[in-house]
Every structure is written in structure tokens, then in C-alpha cells.
Amino acid sequence: MGVSWVYIEDIPKIQEGEVEIRGWLFNKRSSGKIVFLIIRDGTGYIQGIATLEYFSQEELNNFEKIPIESSLIVVGDLRKEPRAPGGYELQLKKVNVISYAEEYPIQKKDHSIEFLLERRHLWIRSRKQNAILRVRSEVIKAIRDFLDSRGFTLVDAPILTPSACEGTTTLFGLDYFDLGKAYLSQSGQLYMEAACMALGKVYCFGPAFRAEKSKTRRHLTEFWMVEPEMAFWDWQDNMKLQEELVFYIVQRVLEKRKKELEILERDIKPLEKIVPPFPRITYREAIEILKKNGFNVEYGDDFGGDEETVISNQFDKPVFIHHYPAKIKPFYMQPDPGNPEEVLNNDLLAPEGYGEIIGGSQRIHDLKLLEQKIEEYNLPREAFEWYIDLRRYGSVPHSGFGLGIERTVAWICGLKHVREAIPFPRMIYRIYP
RNA sequence: UCCUCGGUAGCUCAACGGUAGAGCGGCCGGCUGUUAACCGGCGGGUUGCAGGUUCGAAUCCUGCCCGAGGAGCCA
């Protein structure tokens with residue numbers, strides 16, 4: 001009878017007995033007559049210990065020479081062991097090297113970010129990067145569970161689109177057979193507006209592409225976004241959904257990914273404070289806060305990274321900023337009926353200086369007003385005919401928002417830069433690997 | 001696109017006008033409880049590229065290439 005293959009994360013359930021582990025050599029140490037092999041299998045780490053009890057001196061000498069990241073299958077007896085990292089240890093009885101690795105380039109010591117990004121395909125094997133990818137997976141699952149459980153339907157938006165949502169200078173263009181130019185989608189929003197008129201409450205989840213020459217810790221040229229859109233919801237209903245979603249995401253990660261947050265050395269106290277309701281301030285109030293803090297800003301200016309940090313530092317929860325001046329926002333946002341110079345929109349700034357993670361608004365539902373805005377913004381009307389059409393056949397007030405996955409993950413994980421919040425980041429000066 | 005900083009051994013850095021060096025990794029040896037193990041030893045270089053200044057350039061100057069941090073814009 002064979003020994004059963006187990007994953008390291010299941011070891012606390014198994015506790016003891018003979019098991020097989022399949023993985024990679026993470027690290028090793030040796031004292032001549034005792035060899036420690038730290039094995040990782042993608043779900044965790046366990047220390048294997050090889051002694052003269054089961055192996056010859058020659059075999060031990062060979063184990064000492066197995067290069068880091070060699071793949072192996074081992075068999076041994078599990079036992080609790082306080083001296084071992086993780087609390088469990090494997091008394092090795094068989095060690096079968098599947099593939100001897102060449103000298104592994106990533107060491108346990110410091111590397112430059114350039115060196116690591118160039119080897120992102122290997123870097124994701126490391127402990128912290130591994131933890132980040134697990135948190136990302138949990139964040140995405142939380143979002144989908146939350147929306148699915150509230151009656152939302154997932155509607156996939158197209159990636160190849162005929163036109164810009166908000167201007168063409170920041171679009172990646174490509175040749176589309178005989179039909180001219182096509183562009184990589186910047187947002188699925190306009191399609192979700194169509195979909196919510198079909199299905200009521202919808203969302204899309206997918207990549208968005210921005211050809212902005214942005215080079216900051218908050219920017220990628222390819223990032224992932226969830227975009228809910230709800231028919232008959234106004235801008236305040238919209239904000240309520242946003243705060244409940246963000247609360248749910250944070251709770252879920254705190255509950256299911258505590259171990260990963262520990263690996264990342266994330267202080268979870270600020271995350272535990274993320275409980276609705278979140279503060280809501282107007283754009284006007286935000287300007288006042290900035291002026292009080294010595295910023296030279298005027299009504300009508302947009303906020304940069306520093307401004308966002310100062311505003312969010314006033315609160316220990318995410319903060320909504322609503323009612324921006326219409327002229328610094330896209331064409332589709334619904335003006336406030338009481339003050340058409342401002343729109344029924346909101347951004348949501350994450351705490352601790354992480355900045356904008358959500359942008360949302362109530363959308364224009366009036367046919368004439370939308371036509372007028374498209375003209376004002378100098379947009380090619382032909383490309384938007386289908387979108388205008390939505391206002392011809394049973395138009396209703398509706399709202400939606402977009403939440404950026406990488407910024408959310410970076411915030412929850414406490415990362416300095418969003419590039420580590422995505423498996424293979426795409427940035428202005430990097431498309432490899 | 002603009003501003004700032006950087007490029008020296010496989011990696012992280014030092015040398016700042018006068019013989020290119022250390023730690024880590026690698027290789028060899030030692031050690032029965034290690035935790036980025038430790039101890040001893042050994043190899044390892046077209047100083048990003050092209051010019052220039054100088055008796056002499058990794059070091060100073062010019063141009064280019066590559067990258068990092070940031071700005072504008074945005075999630």
C-alpha cells in the first residue's frame with residue numbers, strides 16, 4: 001500500500017503518521033550528521049529532517065548538495081516539533097529529487113526591484129509574493145461572493161472595443177481587419193449600463209488597459225477592475241453598496257488570510273477599523289481640508305497622490321468624496337439637479353495613504369442631456385449611438401462604480417507599489433516576463 | 001512628456017583622479033537541532049555603450065542606452 005500524498009496546508013489536520021510531500025527545496029541547513037531540508041509545495045512550508053537513522057552518511061552528504069528550488073518528492077513521518085518553523089516536522093525516510101535546479105538566481109538576501117521584476121516568474125515563488133497572490137485571490141473571491149449573493153449577474157464586457165470611453169489618447173490601439181482601428185478596453189462601464197437595463201443588477205470583472213505614461217506606485221498599464229452597475233439605483237444607494245463591499249472584502253481577508261497578512265507583516269489593527277458607515281465629504285469640503293493643510297488648491301483642481309493622502313489621513317476609515325465639479329469628470333456623470341455644475345459621483349479613498357480605490361457615479365439617463373454632453377466633450381457621436389440608444393428605450397436613473405483590484409490588494413497587504421499586487425505587472429517601461 | 005537618482009563580480013554594495021575590494025551566493029572541507037545556521041578555505045571583473053579631458057579615468061566632461069522614484073492623468 002502506498003503512502004498518501006498530502007499538501008502542507010493540510011498537515012495540522014493530519015498531525016502525525018507517514019506522508020508524502022511533493023514540492024521544491026526552499027532552503028537547507030546541515031550539521032554533517034543531520035540535514036534540514038525546508039520544502040515548499042505552494043500551500044506552505046515544512047522542515048524535513050534527515051539523519052543517520054534512515055540514511056547513510058553518503059546520502060546525507062548528497063542531500064546537503066541539492067540545489068535550492070530543485071523539485072522533489074519525499075516521504076517521512078510527521079510529528080509536532082516546536083523547534084521547527086510551522087510547528088510540524090517531517091522525519092524523512094525517502095528523498096527523491098525529480099529535477100536538480102541550476103543555481104537559483106533569487107537569494108534570501110536583498111535584491112534590487114529591477115532584478116526581481118526581471119525574474120517575476122521566479123519571484124512569485126518567494127514567501128511574501130506567494131502570500132500577496134493568495135490575498136489577491138481571496139479579494140476577488142470575496143467580491144464575487146458578495147455581488148453574487150446580492151442578486152448581481154456577472155456579465156463579461158468586451159476587451160476589444162471600437163472607441164474610447166473617455167478620450168483616445170490613453171488607449172492601446174490595434175488594427176482590426178478591414179474595420180480599421182480597435183482599442184483595448186479601458187472600462188466595461190458603458191456595456192454594463194446596457195446590461196443593467198437587461199438584467200437589473202450586473203457587474204463585470206476583467207482587465208482594463210490604460211496607455212497613460214504614468215510612472216507611479218499606483219499605476220499599471222494593465223489592471224483588473226470590478227464594475228457593478230445597477231438600474232434604478234441613485235448615487236447614495238451606490239455609495240452604500242461600495243462601503244458594504246469594501247467592508248466585506250476586508251472582513252473576508254482578515255478571516256481567511258490572517259496567516260498571509262502575518263507573512264507580509266501587515267499591521268491588521270487599521271484594517272479592523274474598516275466598519276461602515278464610512279465618512280462622506282463633498283469635494284468642496286475636501287478642498288477646504290487641503291487648504292487648511294497648506295495646499296495651494298482651488299475649486300476645480302483635481303487631486304494628486306499627495307492631496308489624496310492628506311485627505312485620507314484625516315480619517316481612519318475609507319472616505320467618500322462626492323459632488324465633484326462636472327468639468328473635471330467624464331461626460332456620462334449625472335449633474336446634481338440642484339447644482340448642475342457638480343455631478344452625483346463619488347471617489348473612495350483608502351486609508352493610510354493608499355488613495356483612490358473606487359470611482360463611481362449616477363449616470364445620465366436623459367436622452368437630450370446625454371446628447372448635449374457628448375457634443376460638449378467633442379466625442380465622436382457615431383461611436384456612441386448604441387449607448388445613446390439606451391436612453392431611448394425605457395431609460396431609468398442608474399448608478400455604478402469601478403473598484404481597482406491591485407490598489408485594493410496593495411492597501412490590504414500594505415504594499416508600497418501596486419506592481420506586487422498582480423502576478424505579472426505591465427508597466428510603462430516593462431512588459432517582460 | 002517632464003523632473004530627480006542610479007548602472008562596478010551571479011546578487012547587494014564599497015572604492016570618488018593613482019595596483020578594482022567586501023559581504024552574500026557558488027565550489028571544497030568541518031559540525032547531530034538548524035531557523036536568512038555557523039566555522040575554515042578557493043575561484044570569480046571589457047566598472048552599461050561610444051567619444052573626450054588627463055602622464056594616468058570606475059571616478060571628471062559630452063552624447064546615447066537601460067532602469068528606479070516622482071509629477072501630470074487615473075482605478
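So that the names make sense, note that chain A is the first sequence line, chain B the second, and so on, each numbered from 1.
Without hydrogens or angle criteria, A:Lys94 side chain to A:Val74 main chain gives no donor-acceptor distance under 3.5 Å. With hydrogens and angles disregarded, no donor-acceptor distance shorter than 3.5 Å links the side chain of A:Glu118 to the backbone of A:Tyr432.
Across all strands, A:Glu89 comes closer than 4.0 Å to base atoms (heavy-atom distances). At the heavy-atom level, A:Glu64 lies under 4.0 Å from base atoms of the strands shown. Within the 4.0 angstrom heavy-atom criterion, no nucleotide atom of any strand lies near A:Asp347. Among the atoms of the strands shown, base atoms are found under 4.0 Å from some heavy atom of A:Ser31. Note on A:Glu53: nothing from the nucleic acid sits closer than 4.0 angstrom, heavy atoms only.
Between B:rU32, B:rA68, B:rC74, one nucleotide has an atom nearer to the side chain of A:His219 than all others, and that is B:rC74.
Comparing the same atom, C1', in B:rA68 and in B:rG48 gives a spacing of 15 Å after rounding to whole Å. The separation of B:rG69 from B:rU54, taken at their P atoms, amounts to 40 Å, rounded to a whole angstrom. Using C1' as the reference atom, B:rG45 and B:rU62 are 26 Å apart when rounded to the nearest Å. Using atom P as the reference point in both B:rC3 and B:rG72, the two lie 16 Å apart (nearest Å). On the P atoms, B:rC66 is 15 Å away from B:rC49, given to the nearest whole Å. Going from the C1' atom of B:rC24 to that of B:rC38 covers 14 Å, rounded to whole Å. Comparing the same atom, P, in B:rA15 and in B:rC60 gives a spacing of 12 Å after rounding to whole Å. A distance of about 42 Å separates the P atoms of B:rG26 and B:rC64, rounded to the whole Å.
For A:His111 against B:rC11, no side-chain N or O and base N or O form a donor-acceptor pair under 3.5 Å. For B:rC74, the base has a donor-acceptor partner in the side chain of A:Arg407 [N/O atoms by modelled type, under 3.5 angstrom].
Remark: A:Lys65 is not positioned above the aromatic ring of A:Tyr100, lacking an NZ or CZ atom under 6.0 angstrom from the ring centre and at most 45 degrees off the axis.
When A:Arg29, A:Glu81, A:Arg79 are each tested for a side chain to side chain contact (heavy atoms under 4.5 Å, CB included) with A:Ile49, only one passes: A:Arg79.
Between A:Arg217 and A:Glu420 there is no salt bridge, since none of the side-chain N atoms of the basic residue sits less than 4.0 Å from a carboxylate O of the acidic one.
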Fill in the blank from the handout: Dot-bracket assigned to RNA chain B with the 3.5 Å Watson-Crick/G-U criterion, [ ] for crossing and | for other-strand pairs, is (((((((..((((....[..)))).(((((.......))))).....(((((..]....))))))))))))....
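Ring orientation note: the planes of A:Phe115 and A:His111 are close to parallel, at an angle under 30° on the 30°/60° scale. Using cut-offs of 30° and 60° on the angle between ring planes, the pair A:Trp386 and A:Tyr191 is parallel.
Taking the six-membered ring for Trp and the full ring otherwise, A:Phe146 and A:Phe247 have centroids separated by 6.0 Å or more. Taking the six-membered ring for Trp, A:Trp233 and A:His398 have ring centres at least 6.0 Å apart.
No more than 12 heavy atoms of other residues, nucleotides or ligands lie within 6.0 Å of OH in A:Tyr7, so this atom counts as exposed by the packing criterion. Remark: A:Lys327 NZ is loosely packed, at most 12 non-hydrogen atoms of other residues, nucleotides or ligands lying under 6.0 Å away.
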For nucleotides 3-10 of chain B, print each protein N/O atom paired with a nucleotide N/O atom at under 3.5 Å, atom names and distance only.
residue	atom	partner	partner atom	Å
B:rG10	N2	A:Gln107	NE2	2.5

Pick out the pairs of N or O atoms, protein on one side and nucleotides 39-42 of chain B on the other, that lie under 3.5 Å.
none

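In terms of phosphate contacts, A:Arg419 brings no side-chain nitrogen or oxygen within less than 4.0 Å of OP1 or OP2 of B:rG67. Residue A:Ser112 has a polar side-chain atom (N or O) positioned under 4.0 Å from OP1 or OP2 of B:rU12. Contact annotation: A:Lys215 reaches the phosphate of B:rG69 (side-chain N/O to OP1 or OP2, under 4.0 Å).
Under the 4.5 Å side-chain criterion, counting only non-hydrogen atoms from C-beta, A:Leu344 is not in contact with A:Pro335.
You can call A:Phe223 stacked on the base of B:rA75; the centres are under 5.5 Å apart and the planes sit within 30°.
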